[in-house]
Amino acid sequence: MTLREEISVLYVDDETELSSMVATYLEGEFEDAQLTVETVTDPHDALDRLADAEMTVDCVVSDYEMPDMDGLEFLRALRRIRPNLPFILYTGRGSEDVVRDAFRVGATDYVQKATGTDQYAVLTKRVANAVSRNRAEETTERYDSAFEALETAVYVLDRSGRFVSVDDVFVELLGYERDAVVGTHVSTVSADDEDCIREKLDHLFDGTESDTTRFETEVYAADGERIHCVATVSPRVFDGSVHRAVGTLHDVTEQRRRREVEKSREWLKDLILDTSTTLMSAEVDEIGTKIHWTLQSLGEFADVDAAVIYSYDADTDALQKSHEWTADGASPRPTAVRSNDCEWLLDRLCRFENVRAPDAGAVPSCPVDSLSLPDDGSLLALPMVSNWSLVGALMFVSTESRRWPDKDVSLFGTAADMLSYTLERKQRERQLHQQNERLEEFASVVSHDLRNPMNVVDGFVDLARETGDVSHLDRAVNGLERMDALVNDVLELARQGRTVGETSTVDLSGVVERAWGAVDTGGATLELVGELGTVSADPGRLTQVFENLVRNAVEHGPTGSRSSSDDAVEHGSTDGDDSRGVDADAVTVTVGPLPNRGGFYVEDDGPGIPPEDRAAVFEQGHTTTEGGSGFGLSIVEGIVEAHGWSVAVTEGRGGGARFEITTASHAQAFDPPRAD
């Protein structure tokens with residue numbers, strides 16, 4: 001059992017009721033930390049409190065949209081009085097520019113408000129992580145200051161520059177035996193030559209230099225390693241006449257490394273801001289190129305072998321590769337990462353946790369093989385989240401073992417968020433484009449296709465009135481039936497279009513039988529061949545696919561006036577004389593699995609479709625029958641593509657029409673990669 005970490009939080013939000021609710025959830029949400037939350041509705045009051053040095057607060061959580069001072073203005077003012085205090089922007093504004101500006105001003109993290117209570121668990125965890133990182137950094141700085149004096153090596157030189165004595169820290173720092181050092185010239189461990197050192201000592205002892213000289217230098221350890229040190233040297237007189245130079249050496253190699261790391265981190269921040277700006281300004285047809293450039297920029301900066309975006313399919317519990325950059329000579333990453341092979345990875349990503357390997361205790365012993373990495377490889381996987389659901393992951397892969405610092409991981413996480421927003425924007429704009437296309441299709445049908453049957457109805461009704469011959473009304477009824485078919489199909493496209501609802505595992509045989517029972521099949525026959533198995537699909541829309549295909553086969557199996565598919569070209573002769581003598585009641589519809597690939601086919605033994613006409617069968621409004629709407633097979637294609645599958649028409653074994661539907665996993669949030 002471990003003690004819970006105590007964390008004090010100042011929550012700033014102008015909405016009093018929401019502040020109270022958020023505070024209640026935060027104070028009771030996290031197992032490993034006890035959060036105490038103080039709420040403030042005015043950011044000016046919050047700044048006054050934080051300006052008081054005696055006020056203890058571990059983290060500030062702030063809304064963005066507030067009167068008089070928004071969240072970013074509040075953060076700018078806060079950074080002037082508390083430059084290192086963790087700050088989390090918690091807002092309903094989920095735009096890319098707000099996220100970018102928040103990190104530019106100095107936010108520690110960013111959490112978007114949403115409906116439901118799951119968001120509070122995420123917010124609590126982000127607060128705890130930010131505070132833990134900040135406390136660790138402060139502790140490291142205090143230890144560095146305390147140990148600096150303890151880790152300073154002391155040495156004494158005579159006027160000629162030979163070591164008179166050295167302390168234990170000196171021996172430990174350079175790795176020499178004490179007896180091997182004492183009596184040797186300082187040039188044996190210094191980067192400077194003997195003449196240069198002698199000249200400096202002469203100036204020192206003659207009083208031409210100040211009492212204490214401080215400088216940076218490099219010394220050689222016993223193993224040949226060059227150690228960068230800050231050194232001091234000052235003249236001393238012992239026993240009234242013996243002149244000695246007393247000096248110190250402090251190893252600043254680690255400090256230099258940290259400075260380089262900080263400088264590198266600043267470059268990474270600038271890079272992420274640049275890539276974010278580029279992604280935000282990209283047109284839809286540029287997004288694919290800009291994403292690849294972003295992956296390349298991040299991958300080259302991180303010095304990894306591959307940077308990859310995987311989309312997540314909740315139905316199959318698998319990651320599917322959608323975008324990838326690899327270094328020269330590096331191997332492509334696996335196309336899919338499935339839960340059965342990498343359960344530990346998918347489980348952590350679904351909890352919105354970053355995954356680092358190697359990372360002591362974080363992963364089991366099998367991750368390397370599961371991800372096709374060499375034994376000494378390393379991985380950083382960052383969850384991509386939308387509407388509090390996992391939609392993908394950004395992965396960095398290296399064939400060399402390496403560590404992933406927390407601050408770098410946090411910055412790469414920002415890049416993952418930006419990429420997620422960009423892909424969502426691309427998806428939304430494509431959906432909007434599709435909706436506009438459907439509106440245009442609807443307008444076209446209303447203005448053109450419906451006008452013809454309306455004219456027919458109007459004409460025959462007038463004839464019936466003028467002649468008194470009610471038989472003309474039968475012709476008018478035919479026009480009304482044509483209009484009804486058009487209206488139903490166009491409404492179907494307008495309401496659902498190329499989208500699917502919630503998917504589940506569906507038994508194909510059961511769907512086929514339900515569809516067959518819902519269609520007026522007359523004397524036609526259904527044959528199920530082989531094991532159809534199951535597929536992940538929207539049951540209702542998949543049933544509609546089979547209904548339309550069955551209806552197409554049954555209605556156009558007979559010859560004569562219906563010798564072509566509902567939406568295809570004419571199958572047989574145009575004069576009504578069926579040279580093949582196909583009986584309407586003898587039509588057979590066969591459904592079976594596709595051999596050697598996932599999917600199924602629907603086939604009839606009717607006249608078939610000529611090869612030169614097959615490209616037109618899925619065009620909206622294309623029909624050669626009087627009663628057909630021209631939208632049946634277009635609806636089929638739309639539903640199939642919405643599932644991430646494909647459909648094609650070919651010749652059946654008996655010469656009839658054969659529709660082959662190839663199934664594949666679909667990405668719920670991101671489209672599969674395509675050339676932009």
Side-chain angles (χ1 to χ4, degrees), residues 264 267-268 270-272 274-276 278-279 282 285-313 318-339 341-342 344-346 348-349 354-359 363 366-384 390-405 408-409 411-423 426 644 664-665 667 669-676:
S264 174
W267 290 342
L268 178 57
D270 292 341
L271 173 61
I272 290 176
D274 288 343
T275 56
S276 299
T278 299
L279 291 172
D285 58 353
E286 299 175 331
I287 286 179
T289 301
K290 297 297 177 65
I291 287 177
H292 186 272
W293 175 81
T294 298
L295 293 178
Q296 179 178 353
S297 300
L298 295 174
E300 290 178 344
F301 180 90
D303 193 23
V304 296
D305 295 276
V308 192
I309 294 177
Y310 284 92
S311 60
Y312 177 64
D313 182 358
L319 296 170
Q320 193 76 24
K321 184 169 66 176
S322 62
H323 301 80
E324 179 179 44
W325 167 85
T326 56
D328 292 340
S331 300
R333 307 316 308 154
T335 302
V337 179
R338 297 176 176 82
S339 179
D341 302 324
C342 255
W344 63 273
L345 175 63
L346 272 297
R348 292 191 59 185
L349 290 175
N354 299 325
V355 180
R356 288 176 274 195
D359 188 0
V363 299
C366 62
V368 171
D369 292 337
S370 302
L371 292 168
S372 300
L373 293 174
D375 292 338
D376 56 351
S378 57
L379 165 77
L380 173 62
L382 303 155
M384 301 173 71
L390 181 71
V391 296
L394 171 62
M395 292 191 190
F396 297 97
V397 181
S398 175
T399 56
E400 298 180 357
S401 179
R402 58 174 295 174
R403 294 291 179 180
W404 303 94
D408 288 357
V409 171
L411 289 171
F412 284 126
T414 301
D417 291 340
M418 289 297 177
L419 287 166
S420 179
Y421 295 149
T422 301
L423 287 165
K426 180 179 180 181
S665 298
F670 310 140
D671 290 338
R674 63 179 72 183
D676 288 324

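- You'll find the side chain of Leu419 reaches within 4.5 Å of the side chain of Met384, heavy atoms only.
- For the pair Leu346 and Val337, the tightest heavy-atom approach, listed with the atom from each and the gap, is CD2-O, 4.1 Å.
- Heavy atoms only, all atoms of each residue included: Ile272 and Phe412 are closest at CD1-N, 4.1 Å.
- With rounding to the nearest 0.5 Å, the separation of CG in Leu349 from OH in Tyr310 is 11.5 Å.
- In this structure, the side chain of Asp305 does not engage the main chain of Ala330 through any donor-acceptor pair within 3.5 Å.
- Note that NZ of Lys290 is 14.0 Å distant from CG of Leu295, once rounded to the nearest 0.5 Å.
- A donor-acceptor pair under 3.5 Å links the side-chain atoms of Trp404 to the main chain of Leu379, judged by distance alone.
- To the nearest 0.5 Å, atoms CZ (Arg333) and CH2 (Trp325) are separated by 12.0 Å.
- Once rounded to the nearest 0.5 Å, the distance linking CG of Leu380 with OG of Ser398 reads 11.0 Å.
- Inter-residue side-chain proximity for Ile291 and Leu423 is flagged as met; some heavy-atom pair is nearer than 4.5 Å.
- For Pro332 against Lys321, the heavy-atom pair with the smallest separation is CB-NZ, 4.2 Å.
- Between the side chain of Ser297 and the backbone N or O of Trp293 there is at least one donor-acceptor pair closer than 3.5 Å.
- Without hydrogens or angle criteria, Ser378 side chain to Glu400 main chain gives a donor-acceptor distance under 3.5 Å.
- Note that the CG atom of Leu268 and the CG atom of Asp408 stand 6.0 Å from one another [nearest 0.5 Å].
- Using modelled atom types, no side-chain atom of Thr326 and backbone atom of Ser331 make a donor-acceptor pair closer than 3.5 Å.
- Across every non-hydrogen atom of Gly299 and Phe396, the tightest pair is N-CE2, 4.3 Å.
- Remark: Arg356 CZ to Leu382 CG distance equals 9.5 Å, nearest 0.5 Å.
- Proximity of Trp267 to Leu271: side-chain heavy atoms (C-beta onward) are nowhere separated by under 4.5 Å.
- Met395 approaches Leu319 most closely through the heavy-atom pair CE-CD1, 3.6 Å.
- When all heavy atoms of Pro383 and Leu390 are compared, the closest pair comes out as CB-CD1, 3.8 Å.
- Side-chain N or O atoms of Arg348 include none that pairs as donor or acceptor with a backbone N or O of Val355 at under 3.5 Å.
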